[in-house]
**Student:** 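Would you mind keeping the following structure in view while I ask a few things?
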Protein chains: 2
Amino acid sequence: MVNPLIRKLEHFARLTSGERQALERVVQTTRRLGPREDVIRDGDRPRHVNLILEGWACRYKQLEDGRRQVISIFLPGDLCDPHVFVLRKMDHSLGTLTPVLLAEIPEAAIREISAESRTLSEALWWEMLVTAAIQREWTVSLGQRLATERLGHLFCELFMRLKAVGLTSETSCEFPITQADLGDAMGLSTVHINRTLKELRAAGLIRLRGRQLTIPDFAALRAASLFDPAYLHHERDPSILHDD
Amino acid sequence: MVNPLIRKLEHFARLTSGERQALERVVQTTRRLGPREDVIRDGDRPRHVNLILEGWACRYKQLEDGRRQVISIFLPGDLCDPHVFVLRKMDHSLGTLTPVLLAEIPEAAIREISAESRTLSEALWWEMLVTAAIQREWTVSLGQRLATERLGHLFCELFMRLKAVGLTSETSCEFPITQADLGDAMGLSTVHINRTLKELRAAGLIRLRGRQLTIPDFAALRAASLFDPAYLHHERDPSILHDD
DNA sequence: CGATAGGTTGAGTCGCATCAACCGGGGTGG
DNA sequence: CCACCCCGGTTGATGCGACTCAACCTATCG
């Protein structure tokens with residue numbers, strides 16, 4: 001298994017084999033979790049940087065009265081907060097959505113690879129800034145987009161992020177999360193997620209059965225969802241933006 | 001005028017006078033803008049880090065069809081993206097909400113102060129991570145909170161952030177933005193902002209007249225809005241959390 | 001003093017929530 | 001092997017929160 005972080009970072013920078021090896025080396029301790037488990041909880045002191053190797057995870061926050069918001073979704077290759085150590089306590093939780101394999105990277109290892117190579121240091125910056133950009137785009141979705149646009153936009157985003165780590169076929173990808181989790185992420189009720197999916201299916205924009213998502217016409221979904229991939233900053237390899 | 005960034009960072013770290021001077025020195029070029037002007041536009045190449053010295057600004061994103069989302073609000077002492085240079089193009093715009101005085105800090109100056117002092121380097125990290133935490137909290141607001149809670153939460157947040165840079169009195173602060181901008185930030189229509197404000201006023205939770213906000217009973221507003229200030233990570237000086 | 005930006009209010013509508021019932025499949029235990 | 005359960009998905013009925021449209025009010029400023 002190739003470390004998916006490497007695949008992702010190569011969309012930003014051309015890496016030397018030494019740099020690739022350095023990235024391989026950060027994967028020392030790994031940890032396997034089942035679905036719906038917490039990686040770290042709100043209030044805990046962060047101990048290491050988590051790198052998702054397999055499966056889907058998320059940040060989430062639970063309000064006192066039980067309402068739950070999924071704040072971001074992590075896919076293979078995603079680094080959870082390369083610099084959390086500066087903060088004493090987590091202000092949100094990290095949990096799995098599916099079974100997950102993750103690498104626990106010590107603070108020192110992150111510092112080392114940034115010190116070793118300027119390219120890697122910049123690549124880690126890029127990763128962080130893209131994460132922030134994604135968070136901003138979610139803000140836009142929750143604030144402005146209707147349910148159909150919101151879901152369509154999410155499908156576009158996740159498909160492209162999965163494509164960047166080689167986890168898509170021509171028009172399909174795994175889509176292993178429940179409608180309830182989708183609802184918590186999009187600020188919509190499960191029932192409404194279900195009806196919205198029905199609508200997107202009826203419009204021929206997606207197929208979604210079991211754990212498989214198909215986007216037969218990416219350009220159409222993109223147009224319907226006002227999706228503009230610029231915020232993903234695949235600047236070295238913009239070809240990934242076009243699915244032709 | 002004391003650089004408000006210094007005031008803010010002192011809530012995270014104890015700074016030496018040398019470190020304070022280093023932060024003073026980054027303010028070389030300044031720029032004055034009127035209200036409703038763009039600092040930098042979506043698609044532009046970022047040229048420097050912007051530090052707000054006076055006034056309120058925001059990030060925003062405009063959809064093709066005109067819908068506008070204010071993604072975050074910048075107050076005096078806020079640094080806009082200390083490391084944008086890694087990205088080639090802005091994926092959103094920065095605009096003023098009121099007249100603004102800002103400092104344009106060159107990339108090199110940021111690098112220098114981080115290199116000079118480990119404390120400052122960590123303090124800048126802290127600033128970045130808190131910005132990200134605020135963004136996540138907005139995601140929660142937009143996804144889960146009702147209009148009254150959403151607005152109440154925003155008032156709590158802004159009041160505390162202003163307090164951290166000395167821009168509040170006992171129970172009041174300047175609140176110079178329009179209901180239309182509030183609406184764009186909270187994902188609500190202007191009309192509904194207006195009615196929600198009326199409701200908060202009627203409940204005695206806020207007073208808002210002209211450009212002055214008063215929160216007579218912070219604890220009450222905090223409870224009504226499910227506001228938990230942990231995400232602001234005022235870890236060195238938690239006293240700021242209590243308004244008694 | 002008129003123009004204009006921002007704020008306020010009412011009436012009608014719509015998107016999405018809630019509640020509730022039901023379906024289907026995979027896993028488990030008798 | 002079948003009965004049952006439970007989780008996730010699906011559908012209908014009804015209600016509420018927020019939107020839209022539209023009018024009007026108020027303060028500020030040239």
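Letters A, B, ... are given to chains in the order of the sequence lines, protein chains preceding strands, and every chain is numbered from 1.
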**Student:** Would you call R222(A) and D217(A) a salt bridge, taking side-chain N to carboxylate O under 4.0 Å as the test?
**Tutor:**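 No, this pair does not count.
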
**Student:** In whole angstroms, how far is the C1' atom of dA18(D) from the CG atom of L142(A)?
**Tutor:**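 About 16 Å, once rounded to whole Å.
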
**Student:** How many Å lie between CG on L182(B) and C1' on dG7(C), as a whole number?
**Tutor:**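 Answer to the nearest Å: 12 Å.
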
**Student:** Find the distance D181(B):CG to dG6(C):P and express it as a whole number of Å.
**Tutor:**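 Atom-to-atom, D181(B) to dG6(C), this comes out as 8 Å.
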
**Student:** Check whether any side-chain N or O of N194(A) sits under 4.0 Å from OP1 or OP2 of dG9(D), and answer yes or no.
**Tutor:**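 No, N194(A) has no side-chain N/O under 4.0 Å of OP1/OP2 on dG9(D).
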
**Student:** For every nucleotide of nucleotides 15-28 of chain C, 5' to 3': is a protein heavy atom under 4.0 Å from its base (B), only from its sugar-phosphate (S), or from neither (-)?
**Tutor:** -BSBBB--------

**Student:** Whether K198(B) contacts dT8(C) is assessed here as follows: a side-chain N or O lying under 4.0 Å from the phosphate OP1 or OP2. Is that the case?
**Tutor:**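 Checking K198(B) against dT8(C): no side-chain N or O falls below 4.0 Å of OP1 or OP2.
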
**Student:** Rounding to 10°, can you tell me the angle the first-five-pair axis of the helix from dC1(C)-dG30(D) to dG30(C)-dC1(D) makes with its last-five-pair axis?
**Tutor:**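 If I round to tens, the end axes sit 30° apart.
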
**Student:** Rounded to whole Å, please give me the gap between CZ in R211(B) and C1' in dT28(D).
**Tutor:**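 Between C1' of dT28(D) and CZ of R211(B): 11 Å.
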
**Student:** Which residue pairs satisfy the side chain to side chain donor-acceptor pair (under 3.5 Å) criterion with at least one member in residues 196-210 of chain B, sequence neighbours excluded?
**Tutor:**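 Listed once each, the pairs would be none.
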
**Student:** Please answer whether the main-chain N or O of L79(A) pairs with a side-chain N or O of E127(A) as donor and acceptor at a distance below 3.5 Å.
**Tutor:**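 Between the backbone of L79(A) and the side chain of E127(A) there is a qualifying donor-acceptor contact (under 3.5 Å).
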
**Student:** Checking side chain to side chain contact (heavy atoms under 4.5 Å, CB included) between L102(A) and each of T29(A), L33(A), T30(A), which is the one that passes?
**Tutor:**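 One option only clears the test, and that one is L33(A).
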
**Student:** Applying the side chain to side chain contact (heavy atoms under 4.5 Å, CB included) criterion to F74(A), which one of N50(A), L51(A), I52(A) satisfies it?
**Tutor:**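 Among N50(A), L51(A), I52(A), the one that satisfies the side chain to side chain contact (heavy atoms under 4.5 Å, CB included) with F74(A) is I52(A).
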
**Student:** Roughly how far, to the nearest 0.5 Å, is the SG atom of C58(B) from the CD1 atom of I73(B)?
**Tutor:**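 Taking CD1 in I73(B) and SG in C58(B), the distance rounds to 7.0 Å.
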
**Student:** Checking side-chain polar atoms at under 3.5 Å, does Y60(A) have a donor or acceptor matched by the opposite partner on D181(A)?
**Tutor:**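 No, D181(A) and Y60(A) have no side-chain donor paired with an acceptor closer than 3.5 Å.
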
**Student:** Would you check if there is a donor-acceptor pair between the side chains of S141(A) and R150(A) at a distance under 3.5 Å?
**Tutor:**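 Not at all, the side chains of R150(A) and S141(A) share no donor-acceptor pair under 3.5 Å.
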
**Student:** Do the side-chain N or O atoms of Q179(B) get closer than 4.0 angstrom to the phosphate oxygens (OP1, OP2) of dT8(C)?
**Tutor:**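 Yes.
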
**Student:** Find the distance R209(B):CZ to dG6(C):P and express it as a whole number of Å.
**Tutor:**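 Going from CZ in R209(B) over to P in dG6(C) covers 18 Å.
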
**Student:** Across the strands shown, which category fits R36(B) at heavy-atom distances under 4.0 angstrom: base, sugar-phosphate, nothing?
**Tutor:**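 It contacts sugar-phosphate atoms only.
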
**Student:** Is the shortest side-chain N to carboxylate O distance from R211(B) to E174(B) below 4.0 Å?
**Tutor:**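 No, no charged N to carboxylate O under 4.0 Å.
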
**Student:** For dG7(C), take OP1 and OP2 only and decide whether either is under 4.0 Å from a side-chain N or O of R201(B).
**Tutor:**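 No, no such contact exists.
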
